[in-house]
Amino acid sequence: MKGFGAVATTIAAASWFVASAVAQLDPIVIKGSKFFYKTNGTEFFIKGIAYQQDFTGNGSTTANANGAYTDPLADPASCARDVPLMQQLQTNTIRVYAVDPAKDHSECMSLLTKAGIYVVLDLGNPTVSINRDQPAWTEELYIRYASVIDAFSNYTNTLGFFAGNEVSNAANNTAASAFVKAAVRDMKAYIVTKKYRPMGVGYATDDDDLRTELADYFDCGPPANSIDFWGYNIYSWCGTSSYSESKYEARTQEFSTYNVPAFFAEYGCNKVEPRPFDEVLALFGTNMTKVWSGGIVYMYFQETNNYGLVSIGSDNKATTNKDFDNLSTQIAKVNPTGPNSASYTPTNSARACPTTSTWQAATALPPTPNEAICSCMMSSLKCVAKPNLSDTDLSKGFGFVCSSSVGGTNNCEGINGNGTTGVYGAYSMCNATQKLSWAYNQYYLAQNQNNKACDFSGNAQTQSAGAASSCASITSQAGAQGTGTISNAPPPTGLSGAGNGNSGSGSGGSSSTSKGAAHVLTVPAFDFGILRLAAYVTSAMLVGAGMVLL
């Protein structure tokens, strides 16, 4: 996705004025571990459907080589076709995994509002999201996530946002959770600083052996850093099962003391087809509604994974299937109720951070991405990487300079981020080109500024270092090795932008996926050894093919 041009900005700005005029839906607010309607205080239970095409499996979506993907909320004709069918299933929430903040969503959001349907959105997209194998929290990601919030903040049926989906799914990649939690922290702060109405930021996890540690980690520590709600992708109830056999009882007991709303962000095992959806009666029954705030069925569109409720023909018409009928029958049987907000007093407390031997993520989180910091760093350098380097050249550059005997690991300490140790270089949030420039410059200085030391097979060039006086404090705090903590810097990108509507511009409302962007290439994990470079290059190749899990 390219940055916003004039036309895109005009369209997005127009959508804000349209959105301001559409019907309003009573916002959903969070109190303790429950959702409530803001106006009358009635407890809100999610009766949801995952709504997005081009999926490859549970919780993942694909994009083509150019990073294109289908934004279902930017297609009014499809929304007009699908919303009535959602209403037949008593749907009050949809989950959308990837949207283009530059597009106009006003018509679809208006249709959903009139139908009483709320939206929870994932902030990433198939090529701009936190990668579990090479995790980073960078300026490009910050801008992408903030732009989605900008685009949907004005719609009162925006329930909230997921900062990540199944990012950590094994013991050897739990360190990636530190970067996702940093995204949670910064997007919560962004909403507050922009003076948007309260909207929650959460995380969605899969159902694996790390469930307890993950739930604890994202909930522990200062409230400003922790999630507002917890999404659980669970497929353990298959066919005809029971509250106990499906492990629903065990999971309910585990979350009985959770202090933020928890719900099934995906459910609907299809090992038995057609799906009877017997679990609906349990999920919305009295045993579970004390703990869980409902759930989202995976998924609306029938595709190769056979999870769909509706098939779309070549004539673009929708045809419901037996799964649709079974879900309709079961959902009609439930009418969950809970306490009113006024009479509800939360008693649960935040979890303690995990200390198990299998948990790698540190409680210390990566710094908030800040373009001012990266720009100051770049202007202070004498040797920089050339712009628009290929992924291969970037990888080779990092592979050489970060392992070179000249300068050694000092070349890359300022740009590395280690989610396990909780040690993050002052410039670890910068994009790949900026990071490589820092490393090149460190090597160049170690070579006594020999001009031949700033060539790197033609991929680098010298420049006249000329940092502005306003940068002096930043570079001083970072230090010569870039390992200092920058605590006094201008606000992150977007926080000083004009307007707080759906303009899609200013306020973090543009996203760049050019070469050197964080989703394409980050710094190899030299903290764990240079041999990781091979896997790193493979990851970059996969991104180029457009096959990255959100």
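Count residues from 1 along the sequence.
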To the nearest 0.5 Å, what is the distance between OG1 (T138) and CG (L141)?
3.5 Å
Between R132 and N172, is there a side-chain donor-acceptor contact under 3.5 Å, judged purely by atom types and distance?
no
Apply side chain to side chain contact (heavy atoms under 4.5 Å, CB included) to E139 and C374, showing your working.
CA-CA 9 Å; E139 179 70 8; C374 298; 5.6 Å; no
Min side-chain heavy-atom separation C353-T363 under 4.5 Å
yes
Evaluate the ring planes of F255 and Y258, with Trp represented by its six-membered ring, and classify them as parallel (under 30°), tilted (30 to 60°) or perpendicular (over 60°).
perpendicular
Can K382 and Q463 be counted as having a side-chain donor-acceptor contact under 3.5 angstrom?
no
Parallel, tilted or perpendicular: which one describes the rings of F264 and Y232, with boundaries at 30° and 60°?
perpendicular
Give a yes or no on whether the ring-centroid distance for F400 and Y440 is below 6.0 angstrom.
no
Is there a donor-acceptor contact under 3.5 Å from the side chain of Q447 to the main chain of Y443?
no
Any side-chain to backbone donor/acceptor pair from S226 onto P223? Under 3.5 Å, distance only.
yes
Is there a side-chain contact between F162 and R95 (heavy atoms, below 4.5 Å)?
yes
Sub-3.5 Å donor-acceptor pair from the side chain of R144 to the main-chain atoms of S129, do we have one?
no
Could you tell me whether the side chain of E303 and the main chain of Q53 form a donor-acceptor pair under 3.5 Å?
no
Nearest 0.5 Å, please: how far is CD in E413 from OH in Y427?
13.5 Å
Looking at side-chain heavy atoms only, is the closest gap between Q434 and I415 below 4.5 Å?
no
Can you give me the closest heavy-atom contact between A178 and A361, atom names plus distance?
N-CB, 4.1 Å
On the ring face of F398, is K435 found with NZ or CZ under 6.0 Å from the centre and within 45° of the axis?
no
A204 to A265 - nearest heavy-atom pair and separation
CB-CB, 4.1 Å
Distance only, no hydrogens: is a donor on one side chain within 3.5 Å (strictly under) of an acceptor on the other, for E166 and N233?
yes
With distance as the sole test, does N441 use its side chain to make a donor-acceptor pair with the main-chain N or O of C383 at under 3.5 Å?
yes
For the residue pair P126 and Y97, establish whether any side-chain heavy-atom pair is separated by less than 4.5 Å.
no
Nearest 0.5 Å, please: how far is CG in D186 from CG in N225?
8.5 Å
Can you tell if the side chain of N411 reaches within under 4.5 Å of the side chain of S404, non-hydrogen atoms only?
yes
First locate atom CD of E254, then atom OG1 of T212, and finally report the distance between them rounded to the nearest 0.5 Å.
4.5 Å
Which salt bridge (Lys or Arg N to Asp or Glu O under 4.0 Å) pairs, counting each pair once, include a residue from residues 214-226, with sequence neighbours left out?
D216-R351
Any side-chain donor near an acceptor of the partner, S349 and N259, under 3.5 Å:
no
Would H105 and D71 count as having a side-chain donor-acceptor pair, cut-off 3.5 Å?
yes
Take V119 and L73 through the side chain to side chain contact (heavy atoms under 4.5 Å, CB included) test and state the conclusion after the steps.
CA-CA 10 Å; V119 182; L73 300 183; 4.1 Å; yes
Examine distances only and state if a side-chain atom of D122 and a backbone atom of G124 form a donor-acceptor pair shorter than 3.5 Å.
no
Indicate whether any N or O donor in one side chain lies under 3.5 Å from an N or O acceptor in the other, for E266 and Y235.
yes
Hey, is the main chain of P490 close enough, under 3.5 Å, to the side chain of N370 for a donor-acceptor pair?
yes
Residues passing the ring-ring contact (aromatic ring centres under 6.0 Å, His included) test with Y145, sequence neighbours excluded, are W137
Does any non-hydrogen side-chain atom of I373 lie less than 4.5 Å from one of M377?
no
Locate the shortest heavy-atom distance separating A183 from A163; write the atom from each residue and the value.
CB-CB, 4.3 Å
Mark yes or no for whether N173, through its side chain, and A170, through its backbone, hold a donor-acceptor pair below 3.5 Å.
yes
Can you confirm whether more than 12 heavy atoms, excluding those of N450, are under 6.0 Å from its CG atom?
yes
Could you walk me through whether F229 and F161 pass the ring-ring contact (aromatic ring centres under 6.0 Å, His included) check?
CA-CA 9 Å; F229 54 77; F161 308 93; 8.7 Å; no
For the residue pair T205 and L210, establish whether any side-chain heavy-atom pair is separated by less than 4.5 Å.
no
S153 and R197 have their tightest heavy-atom pair at O-NE, 4.1 Å
Using only heavy-atom distances, determine whether the side chains of E213 and T356 contain a donor-acceptor pair under 3.5 Å.
yes
Under a 4.5 Å cut-off applied to non-hydrogen side-chain atoms, are L214 and W230 in contact?
yes
Could you label the plane-to-plane angle of the Y424 and F179 rings as parallel, tilted or perpendicular, counting under 30° as parallel and over 60° as perpendicular?
perpendicular
Identify the two heavy atoms, one from A175 and one from T420, that lie closest to each other, and give their separation to 0.1 Å.
CB-OG1, 3.4 Å
Find the distance between CE (M199) and CG (L121) and round it off to the nearest 0.5 Å.
10.0 Å
If we count only N and O atoms by modelled type, under 3.5 Å, do the side chains of T174 and S168 hold a donor and an acceptor together?
no
K194 side chain to A189 main-chain N or O, any donor-acceptor pair under 3.5 Å?
no
Just by distance, do the side chain of Y444 and the backbone of C454 share a donor-acceptor pair under 3.5 Å?
no
Verify side chain to side chain contact (heavy atoms under 4.5 Å, CB included) between V201 and I227, making sure each step is shown before the conclusion.
CA-CA 6 Å; V201 181; I227 52 166; over 6 Å; no
Mind listing the closest non-hydrogen atom pair of G200 and D228 along with its distance?
CA-OD2, 3.4 Å
Hey, are S457 and N459 close enough side-chain-wise for a donor-acceptor pair under 3.5 Å?
no
D393 and K386: salt bridge (charged side-chain N to carboxylate O under 4.0 Å, His left out), yes or no, with the steps?
CA-CA 10 Å; D393 286 336; K386 290 182 178 179; over 6 Å; no
Straight-line distance of I149 CD1 to Y196 OH, nearest 0.5 Å
8.0 Å
Given side chain to side chain contact (heavy atoms under 4.5 Å, CB included), test L381 with M378 step by step and report yes or no.
CA-CA 5 Å; L381 305 181; M378 285 292 291; 4.1 Å; yes
Under 30°, 30 to 60°, or over 60°: which ring-plane class applies to F218 and Y203, parallel, tilted or perpendicular?
parallel
